[in-house]
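Encoded as structure tokens, the structure appears first; notes follow it.
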Amino acid sequence: MAKHETPLLDQLESGPWPSFVSDMKLEAEVRAKNEAGIEFQIPVDVVDDLMGVLELSYVHGRTHWKHGGIVGVFGYGGGVIGRYCDQPEMFPGVAHFHTVRVAQPAGKYYKADYLRQLMDIWQMRGSGMTNMHGSTGDIIFLGTRTEQLEEIFYELTHNLNTDLGGSGSNLRTPADCIGSSRCEFSCYDTNALCHFLTNLYQDELHRPAFPYKFKFKFDGCPNGCVASIARSDMSFIGTWKDDIRIDQEAVQAYIGGEIAPNGGAFKGRDWGAFDIQKEVIDLCPTECMWMEGKELKIDNKECNRCMHCINAMPRALRVGQDTGLSILVGAKAPILDGQQMGSLLAPFVEVNPEDDYAAVTEVIESIWDWWMEEGKNRERLGELIRRAGFQKMLEVTGIKADARHVSEPRCNPYIFWKEDEVPGGWERDVKEYRKHHKR
Ligand code: HEM
Ligand code: HEM
Ligand code: SF4
Ligand code: SF4
């Protein structure tokens with residue numbers, strides 16, 4: 001018999017999609033029976049009370065968590081999101097209900113053994129409920145009490161060799177697409193770079209030193225499977241600068257219908273026979289492809305590497321071999337001054353593990369040097385760029401302005417010149433002017 005009546009939540013147990021309500025009920029039951037004989041360190045009925053308070057929120061149409069909450073572990077300035085219920089007498093199981101962010105492996109590959117050990121800690125010291133994963137990438141342990149935080153941290157670090165993730169005004173947990181581990185489009189090893197930089201900047205991640213939050217994300221190609229261009233202050237997107245590799249025999253196999261276009265992604269509906277002219281050549285945004293007899297041709301110097309043709313014919317077309325990444329900066333959600341996606345800063349940067357990715361870290365650190373000094377309190381990088389100007393961003397990173405930095409040139413004429421660019425400078429004497437122009 002459930003602790004609280006949950007008629008509204010119960011409705012969410014029907015339908016084909018996996019029901020979070022059914023899962024919570026299952027976990028509540030597992031805790032109540034405790035067949036594994038776990039020494040629970042927080043209330044056994046935490047999940048029942050979570051369902052209770054959620055049901056109450058469904059009735060009221062408003063949240064029942066108090067404002068904020070500042071908890072954590074010694075040595076770190078972030079990693080735990082404190083939270084307290086505003087009806088602690090009614091729902092004592094969730095009077096404390098803190099969230100622990102746990103650093104996830106790049107690409108989110110796991111072994112069952114590792115996940116089991118994680119859950120052994122969490123079943124005993126937390127609610128047993130998780131979010132796999134938070135939007136930023138972390139493994140999320142959902143709900144525990146303050147006294148358990150150091151205990152969990154001790155076990156994670158000493159037994160599982162695992163650290164916390166980031167929260168607060170600091171470098172948050174970096175995340176990446178699966179990259180070259182399982183994708184032939186990947187232009188660099190996203191897992192390796194994400195892991196390396198996460199380790200390199202542990203201090204910046206665990207101890208807030210920034211004007212505001214800062215996020216890294218790593219996409220292996222412009223398809224953007226981790227959406228770095230929209231969800232990270234610094235977005236690293238793989239690309240290449242030589243030619244697309246064409247296998248003409250495979251092109252013929254696509255034309256002849258032997259290979260389904262787009263890896264069969266549109267098989268659920270009859271779109272007719274594959275038409276390379278209509279589905280690839282005519283859709284190329286720069287119109288740089290054509291058929292010459294039976295040969296597919298690409299004018300690579302006009303190709304903007306949009307991925308369309310490669311996505312359509314993955315067995316015939318491959319990314320080039322001279323690969324690297326582009327760095328885009330400033331993506332953020334709307335608050336305060338409007339949403340932004342990343343703007344292209346470095347069109348092509350070498351990715352070289354041999355020299356510890358020096359070309360990449362140089363750009364990161366020059367941006368931090370600037371933003372950490374100039375950024376206002378709670379001002380994202382994207383907002384600083386708008387306030388101080390993209391020109392300033394180029395100056396501090398030492399990147400030369402070129403046409404690829406704009407989608408179009410400015411149309412207003414409010415152009416600033418530096419004084420030394422203007423013959424004679426700004427110091428002028430009106431008397432000198434009056435010699436030639438009477439009042
Ligand atoms: C060789 C003679 C002239 C030159 C070189 C000249 C130059 C200019 C320039 C550079 C502007 C600013 C344009 C802008 O940045 O938007 C301007 C605007 C203007 N000029 Fe002249 N001008 C001349 C003659 C005149 C005369 C004779 C009149 C009136 C009797 C006049 C009236 C105006 C007005 C009202 C504006 C403002 C227009 C606006 O803001 O929409 N100009 N002129
Ligand atoms: C009540 C009368 C007037 C009003 C309300 C007025 C209004 C304006 C406005 C709104 C501007 C544009 C300012 C800007 O956007 O930067 C302007 C510019 C200008 N006005 Fe007037 N104006 C008046 C009288 C005059 C007269 C009598 C003259 C010349 C005989 C004149 C000549 C100009 C010129 C040359 C400019 C361009 C200045 C520049 O671009 O730097 N205005 N005026
Ligand atoms: S972003 Fe590109 S490289 Fe990464 S998984 Fe997606 S398609 Fe593959
Ligand atoms: S990658 Fe895009 S721009 Fe380049 S040839 Fe293919 S479709 Fe055209």
Side-chain angles (χ1 to χ4, degrees), residues 104-109 133 135 137 174-197 215-232 234-248 250-251 254-255 261-266 274-292 295-328 331 341-342 344 347-349 351 360 404 407:
Q104 86 288 4
K108 305 190 179 80
Y109 289 100
H133 299 70
S135 304
D176 63 336
C177 76
I178 56 164
S180 23
S181 67
R182 297 195 60 167
C183 179
E184 65 268 38
F185 298 161
S186 191
C187 298
Y188 66 98
D189 187 340
T190 55
N191 292 179
L193 182 59
C194 183
H195 185 70
F196 180 86
L197 293 180
K215 296 178 184 172
F216 289 158
K217 280 191 170 57
F218 305 88
D219 280 310
C221 82
N223 281 333
C225 292
V226 76
S228 70
I229 196 171
R231 304 196 302 146
S232 58
M234 267 186 100
S235 154
F236 303 84
I237 304 179
T239 188
W240 65 97
K241 59 179 176 182
D242 53 349
D243 292 351
I244 291 176
R245 287 173 278 172
I246 308 177
D247 174 345
Q248 297 291 355
V251 171
Y254 276 103
I255 293 172
N262 294 82
F266 303 115
F274 176 63
D275 179 343
I276 192 168
Q277 186 67 37
K278 200 169 119 205
E279 295 177 41
V280 180
I281 296 174
D282 289 352
L283 293 181
C284 169
T286 64
E287 300 176 8
C288 69
M289 311 182 82
W290 70 98
M291 290 301 290
E292 214 165 276
E295 299 245 296
L296 176 67
K297 298 283 184 186
I298 299 177
D299 180 4
N300 281 279
K301 70 179 192 308
E302 295 299 328
C303 163
N304 67 13
R305 299 166 188 81
C306 75
M307 298 296 296
H308 176 75
C309 59
I310 299 172
N311 288 337
M313 304 195 293
R315 286 171 66 182
L317 301 177
R318 297 178 68 189
V319 299
Q321 287 171 299
D322 191 357
T323 55
L325 56 77
S326 303
I327 300 180
L328 294 88
M341 302 232 286
L344 182 64
F348 192 89
V349 177
V351 182
V360 173
R404 292 169 295 181
S407 55

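Atoms within a ligand are numbered from 1 in the order they appear, just like the ligands themselves. As the structure is a computational prediction, the values presented were derived from the model and not from experiment.
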Nearest-contact summary for atom 1 (S) of ligand 3 - protein heavy atom, Å: Cys225 N, 3.3 Å
Is any N, O or S atom of Cys309 under 2.8 Å away from atom 6 (Fe) of ligand 4? yes
among protein heavy atoms, the one nearest atom 8 (Fe) of ligand 4 is Cys284 SG, 2.3 Å
Anything under 30° is parallel, anything over 60° is perpendicular, the rest tilted; go ahead and classify Phe216 against Phe236. perpendicular
Atom 3 (S) of ligand 4: the protein heavy-atom neighbour that sits closest, reported with distance to 0.1 Å: Asn304 OD1, 3.3 Å
Hey, is Asp299 close enough to Lys297 for a salt bridge, meaning N to O under 4.0 Å? no
For Thr190 and Phe218, indicate whether the former's side chain and the latter's backbone hold a donor-acceptor pair under 3.5 Å. no
Mind checking whether atom 8 (Fe) of ligand 3 has an N, O or S of Cys183 under 2.8 Å? yes
Within a distance under 4.0 Å of any heavy atom of Met289, pick out the atoms of ligand 4 and give their elements. 5 (S)
Do Arg305 and Ile310 come within less than 4.5 Å of each other through their side chains, counting heavy atoms only? no
Can you sort out which atoms of ligand 3 are near Asn223, meaning under 4.0 Å from one of its heavy atoms? 7 (S)
What residue and heavy atom of the protein are closest to atom 2 (Fe) of ligand 4, and at what distance? Cys306 SG, 2.3 Å
Other residues, nucleotides and ligands only: do more than 12 of their heavy atoms fall within 6.0 Å of NE2 on His195? no
Exactly one of Ser232, Pro174, Ser228 should register a side-chain contact (heavy atoms from CB on, under 4.5 Å) with Lys215. Which one does? Ser232
Side chain, backbone, both or neither: which part of Thr286 comes within less than 4.0 Å of ligand 4 when only heavy atoms are counted? side chain
In the protein, what heavy atom is nearest to atom 5 (S) of ligand 4, and what distance, to one decimal place, separates them? Cys288 SG, 3.5 Å
Element-labelled atoms of ligand 3 that are located less than 4.0 Å from some non-hydrogen atom of Gly224: 1 (S)
Checking Asp176 side chain against Ala106 main chain: does a donor-acceptor pair fall under 3.5 Å? no
Heavy atom of the protein closest to atom 4 (Fe) of ligand 4 (residue, atom name, distance): Cys303 SG, 2.3 Å
With a 3.5 Å cut-off and no angle check, do the side chains of Thr286 and Asn304 form a donor-acceptor pair? no
